[in-house]
Amino acid sequence: MSQILVDEAGKKFLLRAGNGAYGIGVNAMNKLCSLHWGAFVERVEDLPDCSEVEYYQGRHTRRAAMDFQEYPAWGGEFYNEPALKVNFGRGVRTSILDYKSYSTGACDGGEELVITLGDYAYPLTVNLHYLVYPDSPVMVRWVDVINDGEDLVILESVQSACFHPPRRSNEYRLSHLTGRWAGECMIRRQAVTQGKIVLENRTGLSSSFEHPYFALDEGGACEAEGRVWFGTLLYNGNWKIAVECNAYEQTCVTGGISDFDFSWPLKAGESFTAPKFIFAMSEAGFGGASRMLHDFQRSHIAPEVEVRRVMPVLFNSWSSMEINVNEEKILESAQKAADIGAELFVIDDGWQSALGDWRVDKVKFPNGLKPVVEKLKTLGVDLGLWVEVESFEVKSELYQNHPEWAMNFPGREPYRHYRADVDRTSLLLNFARNDVAQYMLETLRSLVAQTGIKYLKLDMNYYFTDPGWGEVDELEQRTIWVKYARNVYGVFQELKKEFPDLLIENCAAGGGRGDLLMDGVFGRINRSDNQDTLDVLRFHEGFTWLHPSKMAGGACHISDSIRGMNKRVTPLQMQAFAGIMGSLSVGKDLLSCPQETLEEIREYISLYKRLRSVAHEGDLYRLASLSDTPYTAFEFVLKDKSEALLFAFSHGIEFCYKVPNFKVGGLDAGGVYDIECYGDDERKLPGYLKAEKEIKPLSGRALAEIGLSVRLSGDYDCKIVHFKKRS
Ligand code: DGJ
């Protein structure tokens, strides 16, 4: 049975995906109007008529009809956030879009509905694309805008979509994910009262201050229950999501590329495609919403090789050496890293001659990287390197040869970014230029081929300061934001095509580019440079609202907190247990670690290797949060319910408080599970992983209903519980 139903006579369209449905129709004014976004509806005939949706006692119906437009352009009686703003020249700055036609067909393994709108007086076509997959409740929207005329048209805003959750008497609650260095992915909530809340990023990166994500609920949804309407943009540059509640209790979410300093000249016959917006409604709270996104990420965004990848344990040089790497230290550390069980050795910042000159620093590595490559080969450990390809240093040959490649406003000195921690002055490259992007692609291509690296860490440590592009026509200059973002993604997409097994880390001074588009190429994300375990546990909640847990990387889960972040020292075991939920990395100074510490780390690494497939492939349930309770817990259940893991951590438990039983859901109710618990109660050494006591086998039903008592006390306590179904 088709997922897209069309009522030709009533001009209505129904998209059905999983337990969700989305309805649109053409109203009496020939405008495309939103009819339903919510739970499953079987028949297209059951959708309301546009007139019913638009009616409001005493309100001017024509104006109300404009408010429910599925893709409203600015023009006529429309006063809310527009999805499209077009300048046709000759003084015409409005656009009036009418419904023209529709088509359906197969697309990318799913079914697609394309609705064509057109301006009644000017030759402009807008195609609204809707894509539904047979295996997912998540739907996809995007638009193409086409100039069908002879004259140039200037696009001033092209949003990807506009969504209308159901009208309700009480306000919605908006949940979103803010960001900043060392404070990534924080969950924030606020009421949506009459007015407009604008979430956006204008730094040139997608998540330096805010993630391109929204979630609306009726105020009471929690992790496990309640309806949540949510969506996220697949875009790695400047974006905007406006959440607006009008005077008639109608909330509308409009989002896409930021219209700030945006302008796109569309010549005759040209088209502009806006980024994809994926969206769905969960009836199982925020937990349900993130499980939907994780499944969608695995089946429709991430490359297959990344979905299947067993995430290696890596050692990264940054937190112990910073830029002071050299052949001797690296060779010695490589040996130690192999001894503790690391599978990948990443030389972070400092190996290179200069930003821009992506060859080895001959002073630090007088024999090149060859001795390192050879040593790692004998140890059976793969090599990874760090790059920051969007900048070049003033001292680099690249800058000497191509100063014009710096992003700049003519007549102004381009901003010279000085980073004190690495004593480095650099400028941003204008990646919107195809010659710059091509040059970097070739540089990376030969770096990967010549060194045989299996891992590449992309970093980006600056925000745009001079988004100028004096070399192109005045009309083209503001395309820089979008062309830059497209080229960055394009270069790595191409590199991944050429080296499909190369694992690429998405790092931008921590998690500054943490959008889901990037997951289409990058297999690991630097969730944050902040490795204070208590902060990590909070980040992990917001991070997993978007990305699967296995993507949670970074330089050093097990490390001495970089630059004494929060001046907190957390136990090694807690660092390791938190790291095991993601893609585990070690950043400790292995050369100065006592043997006992190295042995302890080795035990955690071997535990990671035993458990990683469950944490990485399992469905995630967030059972408790440090924001609400002095403990937090994450549960992972394999799809076939044969195994599960429960990670529990405490902080600030007082008065000998006993943590309530954890209700371990998602298991096979009729199955009986053997249970093993890791975590040393007394934290005595050695015997780091000593089980606290034997736990009797329990049925999945009992684990969900009665729950499991896990002993946690005081601060920094942690446990991992492993459930294995008896056959
Ligand atoms: C910022 C990153 O987030 C760090 O992990 C590290 O790679 C430094 N840059 C290197 O300069």
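Whatever order the structure lists them in is the order used to number ligands and atoms, beginning at 1. On a predicted model such as this, the values are computed, not experimentally measured, just so you know.
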Enumerated ligand 1 atoms positioned under 4.0 Å from heavy atoms of G510: 3 (O)
Proximity to ligand 1 by part of N461, non-hydrogen separation under 4.0 Å: side chain
Atoms in ligand 1 flagged as close to K457, the criterion being non-hydrogen separation under 4.0 Å: 4 (C), 5 (O), 6 (C), 7 (O)
Nearest-neighbour protein heavy atom for atom 7 (O) of ligand 1, which is reported as residue plus atom name and distance: D348 OD1, 2.7 Å
Reported OH-to-CG distance for the pair Y604 and L584, which is rounded to 0.5 angstrom: 11.5 Å
Residue portion contacting ligand 1 (non-hydrogen atoms closer than 4.0 Å) for C507: side chain
E498 atom CD: more than 12 heavy-atom contacts under 6.0 Å: yes
Euclidean distance, E328 CD relative to L331 CG, rounded to 0.5 Å: 8.5 Å
Whether E322 lies under 4.0 Å from ligand 1, heavy atom: no
Separation between OH of Y455 and CG of L503, rounded to the nearest 0.5 Å: 5.5 Å
Ring centre gap for F286 and W545 strictly below 6.0 Å: yes
Within-cut-off N or O pair, V422 and ligand 1, under 3.5 Å: no
Part of E388 with heavy atoms under 4.0 Å of ligand 1, whether side chain, backbone, both or neither: neither
R419 contact mode with ligand 1 (heavy-atom cut-off under 4.0 Å): side chain
Those atoms of ligand 1 less than 4.0 Å from some heavy atom in N526: 3 (O), 5 (O)
W469/F409 aromatic ring centres below 6.0 Å: no
Ring centre gap for F577 and Y678 strictly below 6.0 Å: no
From CZ (F647) to CE (M574), nearest 0.5 Å: 13.0 Å
Side chains of T425 and H417, donor plus acceptor under 3.5 Å: no
Contacting atoms of ligand 1, where contact means under 4.0 angstrom from a heavy atom of W386: 7 (O), 10 (C), 11 (O)
Nearest-neighbour protein heavy atom for atom 3 (O) of ligand 1, which is reported as residue plus atom name and distance: D529 OD2, 2.5 Å
Within-cut-off N or O pair, W318 and ligand 1, under 3.5 Å: no
From the candidates D349, L355, D459, the one that places a heavy atom nearest atom 8 (C) of ligand 1: D459
